[in-house]
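First the structure, in the form of C-alpha coordinates, and then the observations on it.
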Amino acid sequence: MSYDVVTIGSATVDYFADTDSELIRIDTRATSESLLAFPLGGKVLIKELHTTTGGGGTNTAAAFARLGFNAAFLGKLGSDVLGDLVLQHLAGEGVPFIGARAGQTGVSFVLNSIRDDRTILTHKGSNNMLGKADIPAFETSWVYLSSMLEQSWKTAVELVASGKFKLAFNPSTYQADMGYAKLRVVSDRAALLIMNREEACAVLGLDARRRMATIEIIDALAKIPGQIVAITDGVNGAWICADAQVLSAKPIPGLRVAETTGAGDAFAATLAACHMRGLDLARSLHYAMTNAESVLQYKGAKEKLLSWDALQAIAEAHPRQVHTHARPVGAHSFTGVTP
(Lines give C-alpha, C1' and ligand atoms only; values in the text may rest on other atoms or scores of the structure.)
Protein backbone atom coordinates (compact mmCIF):
# COMPACT_ATOMS: atom_id res chain seq x y z
CA MET A 1 0.00 0.00 0.00
CA SER A 2 1.47 3.32 -1.07
CA TYR A 3 0.04 6.80 -0.41
CA ASP A 4 0.92 10.45 -0.77
CA VAL A 5 -0.03 11.05 2.86
CA VAL A 6 -1.31 8.97 5.77
CA THR A 7 -3.18 10.79 8.53
CA ILE A 8 -3.00 9.41 12.05
CA GLY A 9 -5.45 10.71 14.62
CA SER A 10 -8.90 10.49 16.09
CA ALA A 11 -12.21 9.55 14.50
CA THR A 12 -15.51 10.53 16.06
CA VAL A 13 -19.20 10.78 15.39
CA ASP A 14 -20.18 14.36 16.18
CA TYR A 15 -23.62 15.44 17.38
CA PHE A 16 -24.28 19.19 17.06
CA ALA A 17 -27.09 20.23 19.40
CA ASP A 18 -28.50 23.77 19.21
CA THR A 19 -30.19 24.85 22.45
CA ASP A 20 -31.55 28.00 24.06
CA SER A 21 -28.96 27.81 26.82
CA GLU A 22 -27.50 31.18 27.81
CA LEU A 23 -23.89 32.08 28.40
CA ILE A 24 -23.08 33.20 31.93
CA ARG A 25 -19.88 34.68 33.27
CA ILE A 26 -18.33 34.14 36.69
CA ASP A 27 -15.76 36.66 37.88
CA THR A 28 -13.53 36.18 40.93
CA ARG A 29 -10.50 38.08 42.14
CA ALA A 30 -8.22 35.60 40.39
CA THR A 31 -10.07 34.42 37.31
CA SER A 32 -12.91 35.11 34.91
CA GLU A 33 -14.75 32.17 33.40
CA SER A 34 -17.57 31.81 30.87
CA LEU A 35 -20.00 28.91 31.26
CA LEU A 36 -22.99 27.48 29.43
CA ALA A 37 -25.88 27.13 31.87
CA PHE A 38 -28.43 24.30 31.88
CA PRO A 39 -31.19 23.95 34.54
CA LEU A 40 -30.49 21.27 37.13
CA GLY A 41 -33.01 18.44 36.97
CA GLY A 42 -34.83 19.91 33.98
CA LYS A 43 -35.14 18.99 30.33
CA VAL A 44 -33.48 21.08 27.66
CA LEU A 45 -35.09 21.13 24.23
CA ILE A 46 -32.77 20.74 21.27
CA LYS A 47 -33.90 23.02 18.47
CA GLU A 48 -31.77 21.32 15.83
CA LEU A 49 -29.64 18.16 15.88
CA HIS A 50 -27.00 17.60 13.21
CA THR A 51 -24.97 14.39 13.03
CA THR A 52 -21.69 14.04 11.15
CA THR A 53 -18.23 12.55 11.53
CA GLY A 54 -15.17 14.32 12.83
CA GLY A 55 -11.88 13.87 14.64
CA GLY A 56 -8.52 15.22 13.54
CA GLY A 57 -7.56 12.05 11.69
CA THR A 58 -10.63 11.78 9.46
CA ASN A 59 -11.06 15.55 9.00
CA THR A 60 -7.55 15.97 7.64
CA ALA A 61 -7.73 12.80 5.53
CA ALA A 62 -10.84 14.19 3.84
CA ALA A 63 -9.14 17.57 3.36
CA PHE A 64 -6.09 15.99 1.71
CA ALA A 65 -8.30 13.84 -0.54
CA ARG A 66 -10.34 16.83 -1.70
CA LEU A 67 -7.10 18.70 -2.40
CA GLY A 68 -6.06 15.97 -4.82
CA PHE A 69 -3.84 13.71 -2.70
CA ASN A 70 -3.95 9.94 -2.37
CA ALA A 71 -4.64 9.93 1.38
CA ALA A 72 -5.36 7.14 3.86
CA PHE A 73 -6.54 7.26 7.47
CA LEU A 74 -4.80 5.24 10.18
CA GLY A 75 -6.56 5.04 13.53
CA LYS A 76 -8.79 2.85 15.66
CA LEU A 77 -12.56 2.60 15.25
CA GLY A 78 -15.04 0.78 17.41
CA SER A 79 -16.68 -2.43 16.23
CA ASP A 80 -20.07 -0.72 16.38
CA VAL A 81 -22.58 1.05 14.13
CA LEU A 82 -20.86 4.39 14.74
CA GLY A 83 -17.66 2.91 13.37
CA ASP A 84 -19.64 1.78 10.32
CA LEU A 85 -20.82 5.38 9.87
CA VAL A 86 -17.25 6.70 9.98
CA LEU A 87 -16.19 4.13 7.36
CA GLN A 88 -19.13 5.10 5.17
CA HIS A 89 -18.15 8.77 5.28
CA LEU A 90 -14.49 7.96 4.60
CA ALA A 91 -15.49 5.88 1.58
CA GLY A 92 -17.52 8.82 0.33
CA GLU A 93 -14.35 10.91 0.41
CA GLY A 94 -12.33 8.21 -1.36
CA VAL A 95 -10.18 7.65 1.74
CA PRO A 96 -9.19 4.07 2.65
CA PHE A 97 -9.13 3.07 6.32
CA ILE A 98 -5.91 1.18 7.17
CA GLY A 99 -6.34 0.89 10.93
CA ALA A 100 -8.16 -1.57 13.16
CA ARG A 101 -11.53 -1.94 14.89
CA ALA A 102 -12.33 -2.86 18.49
CA GLY A 103 -14.26 -1.37 21.40
CA GLN A 104 -16.38 1.77 21.10
CA THR A 105 -16.05 4.53 18.50
CA GLY A 106 -15.29 8.01 19.82
CA VAL A 107 -18.17 10.45 20.21
CA SER A 108 -18.42 14.22 20.62
CA PHE A 109 -21.47 16.21 21.69
CA VAL A 110 -21.22 19.85 20.62
CA LEU A 111 -23.62 21.94 22.73
CA ASN A 112 -24.35 25.32 21.19
CA SER A 113 -26.01 28.21 23.03
CA ILE A 114 -28.22 31.06 21.78
CA ARG A 115 -25.20 33.08 20.64
CA ASP A 116 -23.34 30.11 19.16
CA ASP A 117 -21.02 29.75 22.16
CA ARG A 118 -20.25 26.07 22.63
CA THR A 119 -19.12 23.35 24.97
CA ILE A 120 -17.91 19.98 23.67
CA LEU A 121 -18.32 16.70 25.55
CA THR A 122 -15.92 14.09 24.18
CA HIS A 123 -15.60 10.35 24.70
CA LYS A 124 -12.32 9.11 23.20
CA GLY A 125 -13.19 5.40 23.19
CA SER A 126 -11.11 3.37 20.75
CA ASN A 127 -9.13 6.42 19.68
CA ASN A 128 -6.81 5.85 22.65
CA MET A 129 -6.31 2.14 21.92
CA LEU A 130 -4.19 2.03 18.73
CA GLY A 131 -1.49 -0.59 19.20
CA LYS A 132 1.57 -1.57 17.23
CA ALA A 133 -0.20 -4.70 15.97
CA ASP A 134 -2.96 -2.50 14.50
CA ILE A 135 -0.60 -0.83 12.01
CA PRO A 136 -0.25 -2.52 8.62
CA ALA A 137 2.77 -2.23 6.34
CA PHE A 138 2.45 0.87 4.16
CA GLU A 139 4.56 3.35 2.23
CA THR A 140 3.98 7.08 2.23
CA SER A 141 5.84 10.29 1.46
CA TRP A 142 4.19 12.12 4.37
CA VAL A 143 2.54 11.32 7.68
CA TYR A 144 0.20 13.87 9.22
CA LEU A 145 -0.13 13.26 12.97
CA SER A 146 -2.83 14.86 15.10
CA SER A 147 -4.22 14.14 18.55
CA MET A 148 -3.32 10.73 19.97
CA LEU A 149 -3.36 9.88 23.69
CA GLU A 150 -2.48 7.00 26.01
CA GLN A 151 -1.58 3.78 24.13
CA SER A 152 -2.16 5.46 20.77
CA TRP A 153 0.42 8.15 21.58
CA LYS A 154 3.04 5.52 22.49
CA THR A 155 2.32 3.71 19.23
CA ALA A 156 2.59 6.93 17.23
CA VAL A 157 5.94 7.77 18.85
CA GLU A 158 7.34 4.36 17.82
CA LEU A 159 6.04 4.78 14.28
CA VAL A 160 7.50 8.28 13.91
CA ALA A 161 10.89 7.12 15.22
CA SER A 162 11.12 4.26 12.73
CA GLY A 163 9.40 5.75 9.68
CA LYS A 164 11.06 6.95 6.47
CA PHE A 165 8.68 9.79 5.71
CA LYS A 166 8.29 13.51 6.26
CA LEU A 167 6.13 14.46 9.23
CA ALA A 168 3.53 17.15 9.80
CA PHE A 169 2.45 17.39 13.45
CA ASN A 170 -0.64 19.14 14.80
CA PRO A 171 -0.90 18.34 18.52
CA SER A 172 -4.10 18.84 20.49
CA THR A 173 -4.51 20.78 23.73
CA TYR A 174 -4.27 17.47 25.61
CA GLN A 175 -0.89 16.76 24.05
CA ALA A 176 0.36 20.35 24.38
CA ASP A 177 -0.28 20.13 28.12
CA MET A 178 2.40 17.42 28.24
CA GLY A 179 4.97 20.18 27.70
CA TYR A 180 7.91 20.40 25.34
CA ALA A 181 10.12 17.96 27.25
CA LYS A 182 7.69 15.07 26.58
CA LEU A 183 6.40 16.29 23.23
CA ARG A 184 9.77 16.90 21.59
CA VAL A 185 10.24 13.22 20.71
CA VAL A 186 7.74 13.94 17.93
CA SER A 187 7.74 17.73 17.54
CA ASP A 188 11.49 17.87 16.86
CA ARG A 189 11.07 15.25 14.13
CA ALA A 190 8.39 17.28 12.32
CA ALA A 191 9.11 19.20 9.13
CA LEU A 192 5.86 21.10 9.71
CA LEU A 193 4.60 21.95 13.22
CA ILE A 194 1.16 23.54 13.61
CA MET A 195 -0.62 24.69 16.80
CA ASN A 196 -3.06 27.30 17.97
CA ARG A 197 -1.88 30.00 20.34
CA GLU A 198 -3.13 28.30 23.50
CA GLU A 199 -1.44 25.02 22.56
CA ALA A 200 1.83 26.79 21.77
CA CYS A 201 1.76 28.52 25.16
CA ALA A 202 1.10 25.19 26.90
CA VAL A 203 4.08 23.57 25.15
CA LEU A 204 6.31 26.49 26.15
CA GLY A 205 5.06 26.65 29.74
CA LEU A 206 3.49 30.11 29.28
CA ASP A 207 0.24 31.57 30.57
CA ALA A 208 -2.00 31.89 27.48
CA ARG A 209 -4.01 34.66 29.17
CA ARG A 210 -0.95 36.90 29.06
CA ARG A 211 -1.01 38.65 25.69
CA MET A 212 2.57 38.01 24.78
CA ALA A 213 3.50 38.92 21.20
CA THR A 214 2.77 35.96 18.90
CA ILE A 215 6.02 36.53 17.03
CA GLU A 216 7.93 35.81 20.24
CA ILE A 217 5.92 32.63 20.80
CA ILE A 218 6.53 31.37 17.28
CA ASP A 219 10.21 32.29 17.53
CA ALA A 220 10.49 30.18 20.67
CA LEU A 221 8.96 27.16 18.91
CA ALA A 222 10.95 27.49 15.69
CA LYS A 223 14.32 26.31 16.92
CA ILE A 224 15.04 23.58 14.39
CA PRO A 225 16.65 24.75 11.11
CA GLY A 226 14.43 24.09 8.11
CA GLN A 227 11.34 23.38 10.22
CA ILE A 228 8.19 25.31 9.35
CA VAL A 229 6.10 26.40 12.36
CA ALA A 230 2.59 27.87 12.20
CA ILE A 231 0.39 29.32 14.94
CA THR A 232 -3.31 30.18 14.58
CA ASP A 233 -4.93 32.77 16.85
CA GLY A 234 -8.63 32.92 16.00
CA VAL A 235 -9.86 36.37 15.01
CA ASN A 236 -6.28 37.66 15.30
CA GLY A 237 -5.22 35.58 12.30
CA ALA A 238 -2.32 33.18 11.76
CA TRP A 239 1.49 33.23 11.69
CA ILE A 240 4.04 31.10 9.87
CA CYS A 241 7.81 30.93 10.32
CA ALA A 242 10.59 29.19 8.41
CA ASP A 243 14.16 30.01 9.40
CA ALA A 244 14.48 33.82 9.18
CA GLN A 245 11.16 34.38 7.38
CA VAL A 246 8.09 35.24 9.50
CA LEU A 247 4.68 36.03 7.94
CA SER A 248 1.23 36.79 9.31
CA ALA A 249 -2.25 37.39 7.91
CA LYS A 250 -5.70 38.33 9.20
CA PRO A 251 -9.05 36.63 8.55
CA ILE A 252 -11.50 37.99 6.00
CA PRO A 253 -13.37 40.97 7.56
CA GLY A 254 -17.01 40.32 8.45
CA LEU A 255 -16.78 36.54 8.06
CA ARG A 256 -20.01 34.82 9.13
CA VAL A 257 -19.01 32.05 11.54
CA ALA A 258 -21.55 29.26 11.97
CA GLU A 259 -19.35 26.82 13.92
CA THR A 260 -15.62 26.51 14.57
CA THR A 261 -15.32 22.71 14.72
CA GLY A 262 -12.88 21.45 12.08
CA ALA A 263 -11.51 24.84 11.04
CA GLY A 264 -8.15 24.16 12.68
CA ASP A 265 -7.91 20.80 10.91
CA ALA A 266 -8.74 22.45 7.57
CA PHE A 267 -6.04 25.08 8.13
CA ALA A 268 -3.38 22.56 9.14
CA ALA A 269 -4.08 20.03 6.39
CA THR A 270 -4.21 22.75 3.71
CA LEU A 271 -0.96 24.28 4.93
CA ALA A 272 0.69 20.86 4.71
CA ALA A 273 -0.84 20.24 1.28
CA CYS A 274 0.48 23.57 -0.02
CA HIS A 275 3.94 22.77 1.31
CA MET A 276 3.79 19.34 -0.35
CA ARG A 277 2.88 21.06 -3.63
CA GLY A 278 5.84 23.45 -3.32
CA LEU A 279 3.94 26.72 -2.77
CA ASP A 280 5.75 29.59 -1.07
CA LEU A 281 4.95 30.54 2.54
CA ALA A 282 2.73 33.52 1.69
CA ARG A 283 0.46 31.59 -0.68
CA SER A 284 0.43 28.59 1.66
CA LEU A 285 -0.75 30.76 4.55
CA HIS A 286 -3.42 32.45 2.41
CA TYR A 287 -4.72 29.15 1.01
CA ALA A 288 -4.81 27.52 4.46
CA MET A 289 -6.80 30.41 5.91
CA THR A 290 -9.15 30.38 2.90
CA ASN A 291 -10.07 26.71 3.39
CA ALA A 292 -10.50 27.19 7.14
CA GLU A 293 -12.79 30.16 6.51
CA SER A 294 -14.89 28.01 4.19
CA VAL A 295 -15.37 25.44 6.96
CA LEU A 296 -16.18 28.14 9.55
CA GLN A 297 -19.26 29.23 7.62
CA TYR A 298 -21.05 25.88 8.01
CA LYS A 299 -21.76 23.33 10.74
CA GLY A 300 -19.67 20.18 10.49
CA ALA A 301 -15.94 19.71 10.16
CA LYS A 302 -16.06 18.42 6.58
CA GLU A 303 -19.12 20.20 5.20
CA LYS A 304 -17.37 22.81 3.07
CA LEU A 305 -13.81 21.57 2.67
CA LEU A 306 -12.69 22.80 -0.74
CA SER A 307 -11.24 20.95 -3.71
CA TRP A 308 -7.89 22.17 -5.01
CA ASP A 309 -9.50 23.90 -8.01
CA ALA A 310 -12.12 25.59 -5.85
CA LEU A 311 -9.50 26.64 -3.30
CA GLN A 312 -7.31 28.17 -5.98
CA ALA A 313 -10.24 30.01 -7.55
CA ILE A 314 -11.50 31.47 -4.26
CA ALA A 315 -8.03 32.33 -2.93
CA GLU A 316 -6.97 34.07 -6.12
CA ALA A 317 -10.28 35.93 -6.42
CA HIS A 318 -10.04 37.17 -2.82
CA PRO A 319 -6.39 38.02 -2.08
CA ARG A 320 -5.41 39.01 1.45
CA GLN A 321 -2.53 41.07 2.71
CA VAL A 322 0.30 38.96 4.11
CA HIS A 323 2.67 40.84 6.39
CA THR A 324 6.40 40.18 6.64
CA HIS A 325 8.10 40.49 10.04
CA ALA A 326 11.68 40.61 11.21
CA ARG A 327 12.38 37.64 13.46
CA PRO A 328 13.43 38.68 16.99
CA VAL A 329 17.15 38.81 17.59
CA GLY A 330 18.45 36.20 20.04
CA ALA A 331 16.99 32.92 21.28
CA HIS A 332 14.17 32.75 23.81
CA SER A 333 14.64 30.33 26.66
CA PHE A 334 11.13 29.30 27.67
CA THR A 335 10.49 26.14 29.67
CA GLY A 336 12.71 23.37 28.37
CA VAL A 337 12.98 24.75 24.84
CA THR A 338 16.45 24.71 23.36
CA PRO A 339 17.66 24.86 19.75
*With clusters built from Ile, Leu, Val, Met, Phe, Trp and Tyr whose side-chain heavy atoms come within less than 4.5 Å, directly or transitively, what are the remaining members of the cluster of Ile252, listed by chain and number?*
none

*Partner residues of Ser284 under the side-chain hydrogen bond (donor to acceptor under 3.5 Å, both in side chains) criterion, sequence neighbours left out*: none

*Linking directly or through intermediates, with side-chain heavy atoms under 4.5 Å: list the remaining ILVMFWY members grouped with Val295, chain and number order.*
Leu305

*Under the side-chain hydrogen bond (donor to acceptor under 3.5 Å, both in side chains) test, residues paired with His89 that sit two or more places apart*: Thr53

_Restricting to side-chain hydrogen bond (donor to acceptor under 3.5 Å, both in side chains), what partner residues turn up for Ser147, sequence neighbours left out?_
Ser172

_Under a plain distance cut-off of 3.5 Å, with no hydrogens placed, do Asp309 and Ser307 share a side-chain donor-acceptor pair?_
no

_Tyr174: hydrophobic cluster co-members (side-chain, 4.5 Å)_ = Leu149

_Test of understanding: with ring pair (Phe, Tyr, Trp, His ring centres under 6.0 Å), list the residues that count as partners of Trp153, not counting sequence neighbours._
none

For residues 232-242, which side-chain donor-acceptor pairs fall under 3.5 Å, sequence neighbours excluded?
residue, atom, partner, partner atom, Å
Asp233, OD2, Arg211, NH2, 3.1
Asp233, OD2, Asn236, ND2, 3.3

*Only pairs at least two apart or in different chains count here, so list each salt bridge (Lys or Arg N to Asp or Glu O under 4.0 Å) that has a residue in residues 57-68.*
Arg66-Glu93

*Using the side-chain hydrogen bond (donor to acceptor under 3.5 Å, both in side chains) rule, collect all pairs that involve residues 74-86, keeping only residues at least two apart or in two chains.*
Lys76-Asp134, Asp80-Thr105, Asp84-Arg101

*State which residues pass side-chain hydrogen bond (donor to acceptor under 3.5 Å, both in side chains) with Tyr287; sequence neighbours excluded, sorted by chain then number.*
Arg283, Glu316

*Please name all residues satisfying salt bridge (charged side-chain N to carboxylate O under 4.0 Å, His left out) with Glu293, sequence neighbours left out, ordered by chain then number.*
Arg320

_Can you tell me how far apart CG (Leu271) and CE (Met289) are? Round to the nearest 0.5 Å._
11.0 Å

*May I ask you to decide if Met148's main-chain N or O and Ser152's side chain share a donor-acceptor pair within less than 3.5 Å?*
no

*Lys/Arg cation over aromatic Phe169: Arg184, 6.0 Å, 45° cone*: no

